Each structure stands twice: as structure tokens, then as C-alpha cells.
Amino acid sequence: MSPTIRRTLEDRLKQVVQETFGVPLEVALEVPPNPDLGDFAAPIGFKLARPLKRPPQEILQELAPRVREALAPWVESVEIQRGYLNLRLSDQALQDQLTQLLADFEAWLPRVAEGRRMLIEFVSANPTGPLNVANARAASVGDTLVRVGRSLGAPVEAEYYVNDGGGQIRALEESIAWHLGERETPPQDGYLGAYLKHYAEKVRDLPYGQRARWVAEAILRDQMAELQAFGVTFDHIVYETEFHDPAEEPRDLNPHIGRRFAYTQQVLEAFRRLKVLREMEGALYLDTTVRGDDKPRVLVRSDGRPTYFLYDLAYHLYKFDRGYELLVDLWGPDHLGHVKRMKIALDLLGEGLGRPEVSGENFLVLIVQQVTLLRGGKRVRMSKRKGEYYTLHDLVQEVGVDAARFFFLLRSISTPLDFDLDLARKLSSENPVYYVQYVHARIHSLMAYAAEKGVQGSAQPSDLALLTTPEERHLLRLLSGFGDLLLDVHERHEPHRLPYALMQLAEGFHAFYQKHRIVGEDLARTRARLALARAVQRVIRHGLDLMGVRAPEKM
RNA sequence: GCCCCCGUAGCUCAAGUGGAUAGAGCAUCGGAUUUCUAAUCCGAGGGUUGCAGGUUCGAGUCCUGCCGGGGGCGCCA
């Protein structure tokens, strides 16, 4: 429940500025480029200069003594440097963090204050073939966001949407017939990959028209198994056909069909009420241009079949209806053009329904950029329909779950990722993931050694006061900031910060270990250093777990 | 043609909501271990942040234009 030191300091600083100058100021603490400058830097001199019409230096000189007093329990020095107020944490505060971390790790982690119920939808691959590496990247990112959120006590759930309707299912049906030799020419837009033959053989005895549904279910099961092996699970699975008209298909063939058709009708009614529906050439359009879109978007085709867009709106209304307050969707770059119209449509939907919570504001799309596979320095072209594949399964076989997940998380979401397969295979012994895992294993072995030497008893506060070398202080500082890091990952939806932070912590520990003897003559110092090592191990283990990466005890 | 993403060290990428001397890994070169895991550590070289302007105390970050790469622009999903 403890707020982090950084948040505490920011709140206090804000308060002091308000009391001293009577102006509000959002204070965002930064970390100075050089540790000699302190642990935190508040760039408030520049920011106050304008509203107060006074030079930064003068402002800070007036502020510094008050800050020093207000932050006394946590901060041992406050210095003015250029336009910054540089803060140095007290040894006591850092040692207290260590004590609390070890006493009750879960309680030491910060909690997300306003618990908006969040639903993250990701992967949501078509049930027409195996998962590819783009799905793998989305799975890594989405799952880690879910885990981080939960670790901070935020109500976050994971959902998978199955596009089990529309043209691709018809194409699947045709493709199955082709694989069974019932038609000579391969269907246009068909799925010609060898994998499908295996599924097709199992439905040979089913009549044409009923096979695709069975195969889609089987593929979905296999996808889920593959994801589970990748460490990724979902709380909910929702099918597109739930939003279809139940008259479309007999329910004994499709148990999902039409269960939530009411949502589809509700969407159309809301738009009708709002008078934003347009009929042109026999098709029904949503006039998104009233909110700045380029052109109206088709909801119902001229032959009466609804589009994916309409079903997607019904689906997202269903999400809001279940009480989620923030909807996060992870989409591929090919869906980029849909973001704007979707937000507009949700705004209109909320207005039409008179429900302000249904709105584009509460709908966040994260575009997870594409993955390009390289082999021998050349692009590996992939096409589901042509049957050219490199699957999630292949990836796990080749580089393993740990390396794959770590590697995917190492890039920010918005960066296209070149995945060099030759390099990835080579990386198996050079990948940074092993650098981090090694710290965990090393500390495990260290603990065993200490036990063997008969070192007993946990560190007392007086022991921890001995942690004063630069390497020890650096580690204490990194540990104390771990909660802030998780908050950043959660609030900004930037999971790539996590592996970087763990690499930094690992680097700090390796350097510390190299330079200082941990189990030694001085028992008090030994206890203190073991406590520090145990805390590092705990944080590393937690961080790796959030990434779905194992924390081995031996390497 | 319009919209979006990207352009940072030889390579792959970071850079905490506009902050101090732009940082890591890999690669290259040079060192370190009789004692707790060398899958480690220490050090060196390597940069006009694609180009040109602008905004301001301050720009890799924001704005405009251009160049290059990728993606999208369907009564497909």
C-alpha cells in the first residue's frame, strides 16, 4: 500500500510550491544524468520563472530551505544546480525500503489508486491457421500488460475475440474441399497451407457447409494450447457469431450464433435515433463524416449482410455493458485506418444510447507494429493464404519461450521489429535474457553457500546501515524505484521499460558482486549484503514473472 | 493523391510526458579470476539524432516543409 518514494516527494514538492508561491505546479521528478548530482532532479526553476516573473536562481533559493524541511525524512540534501533542485535520498530512507521490501513484497509494491476496470483484447487471430510471429509479439505485450496491471492491484482482464464469421470462414470451407480433392482449382483467397490438410482429413465425413465451423473450433483450440505453452492465457473468449442474426445458421451447428444479437440491433437503433444512418445504393452507412471522417462507412451491405464494422461495434458495446471502464485493444498496423472511425462510431453510439461511458475516450487502441522475419539477411515472406509460414510454434522451438518473450518486450510497441532468425538462434547464448536470469541463479547459489557457511539470522537495521559503498547505494536506489517503473509500464502501456529496468538491476548486481565479497568475516556486513542480494533476487524474479520468463535457480 | 508509423553509434534498439555531457546490447580492440557461478567485471574507440527552417531559457522529443523505408485508404476481416 505504500506509495513510492518518488510519488511521495512529488506530492510534497507540489504542496511546498503551492504554499510558498501560491501557484499550482505539476512536479515530475527526473533522474539526473550523473549520480553525483543526486537521486532526483526537479526542473522547477524554469517552470516557475515565467508565472512568477523572477529568475530561476532566485526562486530556487527561496524554495530550497522549505523543501529541505518538508522532505527531511526522505531526503538528506537539497541542492540548487542550474534550474534544478537536486535531491539526494537519505540512507535511512533507502534502508527502510529494503526492510519493507523483504518483510512483505506484495505490500511493498504500490497500488494503482483509481481502479478503472480494464479489458485488454489482444491476439484475436482468425481461426483459419496457426499463430504467426506477429501474434506472438502481441501475445507477449498484451500478457505482460495484464500481469503488470494485476501486480499493482488494478482490475485488468484479458480477452480474445474470435472472428468466426464472414468471408474467411467461407474461404475456409472452400479450402477444405480443395484439400480433400473435391475441387480441382484452389479457391481464390483460399488457405492452401499444408497444415489445413491435417484438419480437413478429420472432417471428410461431414457434409460440405458444416466443415469449416468444426475446423475453426479445432484450430482455435490449438491456438489456445500454443498460447498457453507460451505462457499466455485469457479470461474470456468472445465469438463474432454471437452478434450475428440467429436465423443465419442452426444453433446445433454453431452454439454461439446469435446469443448477443440484441447488441447488434441496439447499435443500429441508437444510430437511427441519432439520425446518422444513410442509405445509399441499397446499403446502410454510418455517417462518420459528422465527426470528421473522410467518408461514411458501411454497416449493412446491399445484400443485407452486416459488415465486420457493425459486429465490432456491437462487440465493444457488449464490453462496456459488462462494466469495463477502459477498453484497450492491441491491433496490427493493418487495422490502423479503423481507429478513427471506431472512436467516432463509439462516440455516436454513446450519444444515441444516452450513455456517456460509451465513448471513444474510453477506448484505447495500441498498434503493435509488424514483425519482419529475416533469414540469411533476406525477408521471409509470409502469407497465410499461400501457406508460407513461420509460426509461434516454430519460434518457440527455435529460440525458446524465455528468449522470444524477452526479445519481443525489448522493443517499444510502435517500433517495427526485424526478427533475424539466424541471429535469434545465435542469441540463445548471448541474449540479454540470460544476463538477467544469471543474476537470479547466481544469488540462489550465493544463498546456498551462505547457508553452508552457517550464516544465520536476518539483517537488523543496524546491519543495513553498513550498506554504504557506491555499488550498494546504487542497488538500493534501483530497488526503491522498481514500484515507479511498474506504475509507468501500467499507466503508459509501455512494457518495454520492464526488461530494460531488469537489465539495469542485473548490471548493478554483477558489478557489486564482482567488487565486494558478500559472505565474509564480518557477520553484520554479511547479513546486510545477503539481505540486499535477496531483495535483488526477489525483484528480478517478480520482473521476469511479469514477462512470462522463467527465473532459474541454476544455469 | 490522402492518412498513420518509423528514420538515433558498424548492427538491433533505448532515451521517465520539452530538461543537464543522447545511452544499452551485439560486434571490434585492450585488460581482470589461487576464495561466494567468467553466461561475470573494468576500460577504449565509435554520433551534425535523415535534411532545412520554426517555436523557447532549453528540442532526439513539439510545429511546417522536404527526403527515404514500411503500412493503410474495400459493400474483406
Side-chain angles (χ1 to χ4, degrees), chain A residues 6 26 28-34 37 41 43 45-47 49-50 55-56 81-84 86 124 126 128 163 165-169 171 189 240 280-285 294-295 297-303 305-309 311-312 332-340 367 369-370 372 407 410-412 414-420 423 426-427 429-432 434-435 437-439 441-450 452-453 481 484-485 487-488 491-492 494 496-497 499-500 503-504 506-507 509-520 526 529-530 533 554-555:
Chain A
R6 187 178 89 193
E26 277 309 315
L29 287 178
E30 295 162 7
V31 175
N34 181 345
L37 293 172
F46 308 115
K47 290 191 163 67
R50 188 171 295 269
Q81 254 133 9
R82 310 192 42 179
Y84 298 90
N86 286 340
S124 297
N126 290 337
T128 52
N163 299 126
Q168 62 214 339
I169 294 297
D189 297 330
E240 182 196 310
M280 288 182 279
E281 297 165 0
L284 194 62
Y285 287 76
D294 302 334
K295 53 188 174 186
R297 307 291 170 176
V298 180
L299 291 171
V300 182
R301 302 179 182 90
S302 50
D303 64 5
R305 286 160 43 233
T307 60
Y308 172 88
F309 185 41
Y311 290 133
D312 221 24
D334 52 331
H335 285 67
L336 223 150
H338 294 259
V339 178
K340 188 174 180 183
I367 298 292
Q369 280 294 331
Q370 64 190 347
T372 305
F407 197 72
L410 212 44
R411 269 94 184 133
S412 78
S414 59
T415 303
L417 166 60
D418 285 339
F419 203 115
D420 188 327
L423 187 66
K426 217 179 83 184
L427 270 177
S429 63
E430 298 161 359
N431 195 300
Y434 299 103
Y435 184 77
Q437 287 181 319
Y438 184 51
V439 167
R442 206 175 204 186
I443 295 174
H444 183 81
S445 141
L446 177 64
M447 295 303 165
Y449 177 81
E452 193 184 304
K453 290 286 172 188
D484 291 313
L485 168 86
L487 288 171
D488 281 348
E491 288 166 4
R492 305 169 59 149
E494 292 181 343
H496 72 277
R497 292 177 184 282
Y500 279 97
M503 284 163 68
Q504 206 184 355
E507 184 181 31
F509 184 81
H510 283 314
F512 161 65
Y513 182 92
Q514 194 78 19
K515 188 153 183 185
H516 301 287
R517 179 82 197 175
I518 293 171
V519 179
T526 298
R529 287 182 170 167
L530 284 173
K554 227 176 148 175
M555 288 177 74

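No experiment lies behind these values; they were computed from the predicted model shown. Letters A, B, ... are given to chains in the order of the sequence lines, protein chains preceding strands, and every chain is numbered from 1.
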A.B. asks: If you draw the axis of the six-membered ring of A/Phe509, does the NZ or CZ of A/Arg442 fall within 45° of it and under 6.0 Å from the ring centre?
C.D. replies: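 Because its charged atom misses either the 6.0 Å distance or the 45° angle limit, A/Arg442 does not stack over A/Phe509.
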
A.B. asks: Applying a 4.0 Å non-hydrogen cut-off, can you work out what A/Pro33 is touching in the nucleic acid: base, sugar-phosphate, or nothing?
C.D. replies: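 Base contact.
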
A.B. asks: With respect to the side chain of A/Met555, which nucleotide from B/C57, B/A38, B/A39 is positioned closest?
C.D. replies: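 Of all the options, the side chain of A/Met555 is nearest to B/A39.
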
A.B. asks: Residues in side chain to side chain donor-acceptor pair (under 3.5 Å) with A/Arg517, at least two apart?
C.D. replies: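 If we apply the side chain to side chain donor-acceptor pair (under 3.5 Å) test to A/Arg517, skipping adjacent residues, the hits are A/Tyr449.
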
A.B. asks: Name all residues meeting the side-chain contact (heavy atoms from CB on, under 4.5 Å) criterion together with A/Pro56; count only those two or more places apart in sequence or in a different chain, and write none if there are none.
C.D. replies: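 By the side-chain contact (heavy atoms from CB on, under 4.5 Å) rule, A/Pro56 matches A/Ala49.
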
A.B. asks: Which part of the nucleic acid, if any, lies within contact of A/Lys295, taking any heavy atom under 4.0 Å across all strands shown: a base, the sugar-phosphate backbone alone, or nothing?
C.D. replies: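 Here A/Lys295 touches the backbone only, sparing every base.
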
A.B. asks: If you check every side-chain atom of A/Asn34, which of B/A20, B/U37, B/U21 has the closest atom?
C.D. replies: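 Of the options given, the side chain of A/Asn34 lies nearest B/U21.
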
A.B. asks: Quick check for you: among B/G16, B/C57, B/C36, whose closest atom lies nearest to any side-chain atom of A/Arg50?
C.D. replies: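 Comparing B/G16, B/C57, B/C36 against the side chain of A/Arg50, the answer is B/C57.
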
A.B. asks: Heavy atoms from C-beta onward define the side chain here; which of B/U37, B/C75, B/G25 lies closest to that of A/Met503?
C.D. replies: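 Nucleotide nearest to A/Met503's side chain: B/G25.
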
A.B. asks: For RNA chain B, what dot-bracket results from Watson-Crick or G-U pairs at under 3.5 Å, with [ ] for crossers and | for inter-strand partners?
C.D. replies: (((((((..((((.....[...)))).(((((.......))))).....(((((..]....))))))))))))....

A.B. asks: Given that A/Leu410 and A/Asn86 both sit by RNA chain B, which one's nearest nucleotide is further toward the 5' end?
C.D. replies: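 First, find each residue's nearest nucleotide; the 5'-ward one identifies A/Leu410.
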
A.B. asks: What verdict does the side chain to side chain contact (heavy atoms under 4.5 Å, CB included) test give for A/Val519 and A/Leu446, after you've listed the backbone C-alpha separation in whole Å, the side-chain angles of each residue and the deciding distance to 0.1 Å?
C.D. replies: CA-CA 8 Å; A/Val519 179; A/Leu446 177 64; 4.2 Å; yes

A.B. asks: What's A/His444 touching, base or sugar-phosphate or nothing? Going by heavy atoms closer than 4.0 Å.
C.D. replies: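 Nothing, no nucleic acid heavy atom in range.
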
A.B. asks: Counting side-chain heavy atoms from CB outward, which of B/G72, B/U37, B/C75 is closest to A/Arg442?
C.D. replies: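 Side chain of A/Arg442 sits closest to B/U37.
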
A.B. asks: Determine: side-chain N/O of A/Ser412 to OP1/OP2 of B/A14, distance under 4.0 Å, yes or no.
C.D. replies: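 Yes, A/Ser412 has a side-chain N/O under 4.0 Å of OP1/OP2 on B/A14.
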
A.B. asks: Could you write out each protein N or O paired with an N or O of nucleotides 41-47 of chain B at a distance under 3.5 Å?
C.D. replies:
unit_1	atom_1	unit_2	atom_2	d
B/C41	OP1	A/Tyr435	OH	2.3
B/C41	O4'	A/Gln514	OE1	3.4

A.B. asks: Checking all strands, does A/Gln370 fall into the base, sugar-phosphate, or nothing category for heavy-atom contacts under 4.0 angstrom?
C.D. replies: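 A/Gln370: backbone/sugar contact only, no base atoms under 4.0 Å.
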
A.B. asks: Give A/Val339 one of three labels, base, sugar-phosphate or nothing, depending on what nucleic acid heavy atoms sit under 4.0 Å from its own.
C.D. replies: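 It contacts nothing in the nucleic acid.
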
A.B. asks: Does OP1 or OP2 of B/G74 have a side-chain N or O of A/Arg301 closer than 4.0 Å?
C.D. replies: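 Checking A/Arg301 against B/G74: no side-chain N or O falls below 4.0 Å of OP1 or OP2.
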
A.B. asks: Could you check whether A/Lys340 gets within reach of a base, just the sugar-phosphate, or nothing at all, counting any heavy atom under 4.0 Å?
C.D. replies: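 No contact.
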
A.B. asks: With sequence neighbours left out, write down each residue that passes salt bridge (charged side-chain N to carboxylate O under 4.0 Å, His left out) with A/Arg301, or none if nothing qualifies.
C.D. replies: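 Salt bridge (charged side-chain N to carboxylate O under 4.0 Å, His left out) list for A/Arg301, sorted by chain: empty.
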
A.B. asks: Distance check, C1' atoms only: B/U34 and B/G30, in whole angstrom units.
C.D. replies: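 Roughly 24 Å separates the two C1' atoms.
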
A.B. asks: I'd like to check the salt bridge (charged side-chain N to carboxylate O under 4.0 Å, His left out) partners of A/Glu281; sequence neighbours left out, ordered by chain and number.
C.D. replies: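 Counting only residues at least two positions away or on another chain, A/Glu281 forms no salt bridge (charged side-chain N to carboxylate O under 4.0 Å, His left out).
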
A.B. asks: If the condition is salt bridge (charged side-chain N to carboxylate O under 4.0 Å, His left out), which residues does A/Glu494 pass it with, not counting sequence neighbours?
C.D. replies: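 Result, salt bridge (charged side-chain N to carboxylate O under 4.0 Å, His left out) vs A/Glu494: A/Arg492, A/Arg497.
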
A.B. asks: Within the 4.0 Å heavy-atom criterion, would you say A/Glu240 contacts the bases, only the backbone, or no part of the nucleic acid?
C.D. replies: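 Sugar-phosphate contact only - A/Glu240 comes under 4.0 Å of backbone atoms but never of a base.
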
A.B. asks: Test of understanding: with ring-ring contact (aromatic ring centres under 6.0 Å, His included), list the residues that count as partners of A/Tyr435, not counting sequence neighbours.
C.D. replies: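 Once residues adjacent in sequence are excluded, the partners of A/Tyr435 under the ring-ring contact (aromatic ring centres under 6.0 Å, His included) criterion are A/His510.
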
A.B. asks: Is A/His496 touching bases, backbone alone, or none of the nucleic acid, heavy atoms closer than 4.0 Å?
C.D. replies: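 Counting heavy atoms under 4.0 Å across all strands, the contact made by A/His496 is with sugar-phosphate only.
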
A.B. asks: Between A/Gly282 and A/Tyr438, which has a closest nucleotide on RNA chain B that is more 5'?
C.D. replies: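 Between the two, 5'-proximity favours A/Tyr438.
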
A.B. asks: Output all residues satisfying side-chain contact (heavy atoms from CB on, under 4.5 Å) with A/Ala41, sequence neighbours left out; order by chain, then residue number.
C.D. replies: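 Checked A/Ala41 against side-chain contact (heavy atoms from CB on, under 4.5 Å); matches are A/Pro32, A/Tyr84, A/Asn86.
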
A.B. asks: So what does A/Ala450 hit on the nucleic acid, given a heavy-atom distance under 4.0 Å: a base, only sugar-phosphate, or nothing?
C.D. replies: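 The residue A/Ala450 makes no contact with any strand.
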
A.B. asks: Identify whether any heavy atom of A/Met447 sits under 4.0 Å from a base atom; if not, whether one sits that close to sugar-phosphate; answer base, sugar-phosphate or nothing.
C.D. replies: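 No contact.
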
A.B. asks: Choosing from B/A20, B/C36, B/G16, which nucleotide comes nearest the side chain of A/Arg6?
C.D. replies: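 The closest nucleotide is B/G16.
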
A.B. asks: Just to verify, what does A/Lys453 make a salt bridge (charged side-chain N to carboxylate O under 4.0 Å, His left out) with, not counting sequence neighbours?
C.D. replies: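 A/Lys453: no salt bridge (charged side-chain N to carboxylate O under 4.0 Å, His left out) contacts found.
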
A.B. asks: Quantified in whole Å, what is the C1' atom distance between nucleotide B/U21 and nucleotide B/G47?
C.D. replies: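 The answer is 13 Å between these two C1' atoms.
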
A.B. asks: Select one nucleotide: of B/U17, B/C36, B/C13, the one nearest the side-chain heavy atoms of A/Ile518.
C.D. replies: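 Out of B/U17, B/C36, B/C13, the nucleotide with an atom closest to A/Ile518's side chain is B/C36.
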
A.B. asks: Polar pairs (N or O, both sides) under 3.5 Å between protein and nucleotides 1-5 of chain B?
C.D. replies:
unit_1	atom_1	unit_2	atom_2	d
B/C5	O2'	A/Gln369	NE2	3.4
B/C5	O2'	A/Ser414	O	3.1

A.B. asks: Less than 3.5 Å between a donor and an acceptor, one on the side chain of A/Ser302 and one on the base of B/C75, is that the case here?
C.D. replies: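 Checked by distance alone, the answer is yes.
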
A.B. asks: Among residues at least two apart in sequence or on other chains, which ones pass ring-ring contact (aromatic ring centres under 6.0 Å, His included) with A/His516?
C.D. replies: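 Once residues adjacent in sequence are excluded, the partners of A/His516 under the ring-ring contact (aromatic ring centres under 6.0 Å, His included) criterion are A/Phe512.
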
A.B. asks: So, does A/Arg497 get its side chain near the phosphate of B/U17, meaning an N or O under 4.0 Å from OP1 or OP2?
C.D. replies: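 Answer is no, no contact under 4.0 Å.
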
